[in-house]
Amino acid sequence: MSEVIFRDYAISSDPARLDAARVHHWLSTDAYWARGRTREKQDAAIAGSLNFGAYDRTSGQQVAYARVVTDHATFAWLCDVYVDPAVRGKGLGTALVTAVRDHLEPAGLRRILLATADAHGVYEKIGFRTLETADKWMALGLQ
């Protein structure tokens, strides 16, 4: 992925740019879905995923994160989307998810799924909808 510029931020899937310690801190302390996640578990998740970061163009500091679990052919699960509280409300979350969607588009995926308790509006802006046939989906929770 070439860099996508959004206002004062650069969005990139370059794994070398990720600040894994910062991502772990955000998710393990502030994200309701990942609170308490260990650093080892987070590092393993990063290693097995397609990762995106948003970076302040002046300081280079990472200010947002998104992770995608995908086979790059038929399916993707968008997860761990997080925007630092200091930069929320500027459209960066929508820009980040749009960059992820656009990055995945050439693969011709049949479906990109995500789960959210409180950010439906962010995702609806770029085309996500609630499942029409949710009764067809099943989940196996191991923990």
Side-chain angles (χ1 to χ4, degrees), residues 1-131 134 136-143:
M1 165 183 184
S2 59
E3 225 175 47
V4 173
I5 302 301
F6 174 75
R7 298 183 184 158
D8 295 330
Y9 307 100
I11 299 169
S12 174
S13 61
D14 179 356
R17 293 186 72 177
L18 283 179
D19 183 340
R22 186 170 178 87
V23 169
H24 173 255
H25 175 75
W26 283 334
L27 297 178
S28 68
T29 64
D30 192 42
Y32 67 84
W33 65 90
R35 202 166 286 123
R37 187 182 289 171
T38 67
R39 176 65 192 267
E40 294 76 23
K41 185 72 75 174
Q42 183 61 46
D43 287 348
I46 288 171
S49 302
L50 174 60
N51 301 277
F52 294 82
Y55 306 89
D56 181 286
R57 291 175 63 200
T58 302
S59 69
Q61 182 177 36
Q62 187 169 351
V63 295
Y65 176 72
R67 184 167 70 87
V68 178
V69 180
T70 184
D71 60 10
H72 299 279
T74 64
F75 177 81
W77 172 41
L78 173 62
C79 55
D80 288 347
V81 178
Y82 188 91
V83 178
D84 189 293
V87 298
R88 289 183 188 162
K90 300 178 180 184
L92 183 56
T94 300
L96 176 60
V97 175
T98 299
V100 170
R101 180 201 63 197
D102 293 351
H103 179 87
L104 294 170
E105 185 179 21
L109 303 175
R110 180 172 180 176
R111 172 173 293 117
I112 301 172
L113 291 180
L114 65 86
T116 184
D118 58 2
H120 293 80
V122 171
Y123 300 107
E124 288 170 347
K125 289 178 189 175
I126 65 160
F128 283 88
R129 300 287 174 256
T130 57
L131 291 174
K136 290 183 179 182
W137 292 87
M138 297 179 74
L140 175 63
L142 300 178
Q143 289 190 22

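Note that this is a predicted model, so its numbers are computed, not measured. Note that these values count all heavy atoms, side chains included, but never hydrogens, waters or copies made by symmetry.
For the pair Tyr65 and Phe52, the minimum side-chain heavy-atom distance is 4.5 Å or more. Considering only heavy atoms from C-beta on, Arg39 stays 4.5 Å or farther from His25 through its side chain.
Between the OG1 atom of Thr116 and the CD atom of Glu124 there is a distance of 10.0 Å, given to the nearest 0.5 Å. The structure places CG of Asp102 at 8.0 Å from CD1 of Ile126, a figure rounded to the nearest 0.5 Å.
The existence of a salt bridge linking Asp84 and Arg22 is confirmed by a sub-4.0 Å separation between a basic side-chain nitrogen and an acidic carboxylate oxygen.
Judged by the 6.0 Å and 45° rule, Arg88 forms a cation-pi pair with Tyr82. Annotation: cation-pi geometry not satisfied between Arg57 and Tyr9 (NZ/CZ under 6.0 angstrom from ring centroid, within 45° of ring axis).
Judged by distance alone, with hydrogens and angles left aside, the side-chain atoms of Tyr32 form a donor-acceptor pair with the main-chain N or O of Ala117 at under 3.5 Å. Side chain of Asp56 to backbone of Gln61: no donor-acceptor contact under 3.5 angstrom is found. Between the side chain of His103 and the main chain of Ser12, no donor-acceptor pair closer than 3.5 Å is present. Not one N or O on the side chain of Gln42 forms a donor-acceptor pair closer than 3.5 Å with the backbone of His24.
For the residue pair Ala64 and Leu92, the shortest heavy atom distance occurs at CB-CD2, 4.1 Å. Here the closest heavy-atom approach between residue Ile112 and residue Phe128 is recorded as O-CE2, 3.5 Å. Taking each heavy atom of Val81 and Leu96 in turn, the nearest pair found is CG1-CD2, 4.5 Å. Shown here for Thr29 and Arg35, the closest heavy-atom pair between the two residues is O-NE, 3.6 Å. Across all their heavy atoms, Arg7 and Lys90 have their closest contact at NH1-O, 2.5 Å. Val63 and Tyr55 make their closest contact through CG2-N, 4.3 Å (heavy atoms, listed as atom of the first residue, atom of the second, distance).
Arg67 meets the side chain to side chain donor-acceptor pair (under 3.5 Å) test with Ser49, Asp80; sequence neighbours excluded.
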**Study point:** Leu50 and Leu104: CA distance, side-chain angles, deciding distance, side chain to side chain contact (heavy atoms under 4.5 Å, CB included) verdict
**Key:** CA-CA 10 Å; Leu50 174 60; Leu104 294 170; 3.9 Å; yes

